[in-house]
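A short worksheet on the structure shown next.
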Amino acid sequence: ESHAQRPILNFETLDLLGDFHRLLGHDGPHTCVGATLMAGDSRLGYLVVDRMGAAGEEEMQAEEMELIAAFASQASVAIDNAALFTSQREEAWVSTALLQVAEASARADRLEEVLSTAARLTSLLVGVDHCALLLQREDVFELAAFHPDAEREQVLESAPHAVGPEEWPPLAELMRTRAAVVVEPDAPLPPALLHTRQSEEAVAGVVMILLPLLARGEVAGAMLVGQSPDAAAFTEQRIRLLGGIADQVALAIERAQLRE
């Protein structure tokens with residue numbers, strides 16, 4: 001493409017305060033031009049070329065402008081292709097992870113096995129530190145599976161291990177919106193999810209997301225995942241994977257309901 005199609009910009013007029021050039025360490029006189037990096041109608045950034053010396057003395061020639069524009073065009077294609085490759089790789093990762101959960105769920109004979117397997121695989125595949133699955137029983141949500149499960153017997157024998165929406169605002173919001181809810185790090189957890197001092201210390205400051213388990217259009221349970229604030233952020237792909245796992249669990253709950 002020519003620079004007429006991919007405009008050459010005079011960065012002198014875009015950097016009136018000189019911040020950009022001070023960042024580059026170019027405080028002296030210079031000639032500066034740039035070309036927009038475009039992918040379709042999306043602007044990816046700019047290719048900026050500086051020529052040091054008295055401004056105006058070494059103006060860019062037409063051939064140089066054409067070369068800058070052509071290089072910007074090629075760079076735009078390379079950047080766009082790299083982003084597409086990354087997106088496709090992440091899509092493949094999500095699909096493979098969901099297939100593993102589906103296969104593991106299909107091998108389980110009982111709903112309890114499905115929930116336990118899903119909690120374990122969620123921690124392994126998504127990389128979260130904690131995963132708890134709650135099933136709705138009448139007006140409360142009962143803790144049905146969790147990972148890590150080092151305190152499993154102690155937790156299951158202790159009481160209470162059920163929580164109602166009126167006791168925990170994030171659960172009430174999930175019931176109302178039927179969508180994922182981000183739990184504030186400093187928000188207190190209900191006793192149903194805190195049975196020992198060790199478990200309370202383990203979730204201190206943890207970033208948590210509560211996802212609905214929808215069976216036949218109704219909230220049949222919830223998935224609560226958490227990770228330390230120092231861990232990798234919950235990216236769009238990780239949240240999509242969590243949503244896919246929640247859908248797999250909800251499907252298993254629906255099948256169990258149909259058998260009852």
Side-chain angles (χ1 to χ4, degrees), residues 1-100 122 124-129 179-182 184-185 205-209 211 225-245:
E1 294 182 6
S2 69
H3 70 271
Q5 295 171 299
R6 188 175 298 276
I8 292 291
L9 305 173
N10 183 349
F11 265 62
E12 302 288 343
T13 61
L14 298 181
D15 187 34
L16 296 178
L17 299 179
D19 294 336
F20 174 74
H21 292 94
R22 277 195 295 272
L23 179 65
L24 297 179
H26 293 175
D27 292 330
H30 57 270
T31 298
C32 179
V33 296
T36 310
L37 301 177
M38 300 290 295
D41 296 328
S42 300
R43 185 173 62 226
L44 304 177
Y46 299 100
L47 172 66
V48 183
V49 178
D50 274 302
R51 174 173 290 166
M52 303 305 295
E57 292 183 0
E58 295 291 341
E59 293 291 340
M60 297 285 183
Q61 302 300 311
E63 294 80 3
E64 294 174 310
M65 303 285 255
E66 291 284 352
L67 182 60
I68 293 171
F71 189 80
S73 178
Q74 294 297 321
S76 298
V77 172
I79 294 171
D80 193 40
N81 287 342
L84 180 61
F85 173 76
T86 300
S87 176
Q88 291 175 335
R89 184 174 58 184
E90 290 172 344
E91 288 284 348
W93 169 67
V94 170
S95 299
T96 301
L98 290 178
L99 180 61
Q100 291 184 46
T122 298
L124 293 175
L125 296 175
V126 187
V128 294
D129 298 323
V181 176
V182 176
E184 295 297 329
V206 167
V207 179
M208 289 178 284
I209 297 179
L211 299 98
V225 297
Q227 64 180 27
S228 69
D230 298 330
F234 280 109
T235 62
E236 179 182 349
Q237 287 73 25
R238 294 182 73 200
I239 293 176
R240 284 180 48 241
L241 179 53
L242 286 170
I245 295 175

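None of these values were measured; they are calculated from a predicted model.
With values rounded to the nearest 0.5 angstrom, L241 atom CG is found 7.5 Å from T122 atom OG1. Atoms CD1 and CG, on I239 and L211 in that order, are 8.5 Å from each other to the nearest 0.5 Å.
The side chain to side chain contact (heavy atoms under 4.5 Å, CB included) check on I79 picks up L37, L44, with sequence neighbours excluded. With sequence neighbours left out, the side chain to side chain contact (heavy atoms under 4.5 Å, CB included) criterion links S42 to no other residue.
When every heavy atom of Q227 is checked against every heavy atom of V128, the shortest pair comes out as OE1-CG1, 4.2 Å. Heavy atoms only, all atoms of each residue included: M38 and R43 are closest at SD-CA, 3.7 Å. Taking every heavy atom of both residues into account, I68 and A35 meet most closely at CG2-CB, 4.1 Å.
S76 places no side-chain N or O within 3.5 Å of a backbone atom of A39 that could act as its donor or acceptor partner.
Contact check for V207 versus S228: no side-chain heavy atoms found under the 4.5 Å cut-off. For the pair E63/E66, no side-chain contact is recorded, criterion being any heavy-atom separation below 4.5 Å from C-beta on. T235 has its side chain out of reach of R240: every pair of non-hydrogen atoms, C-beta onward, lies at least 4.5 Å apart. Proximity of V225 to V126: side-chain heavy atoms (C-beta onward) are nowhere separated by under 4.5 Å.
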Is there a side chain to side chain contact (heavy atoms under 4.5 Å, CB included) between V182 and F234? Walk through the geometry before answering.
CA-CA 11 Å; V182 176; F234 280 109; over 6 Å; no
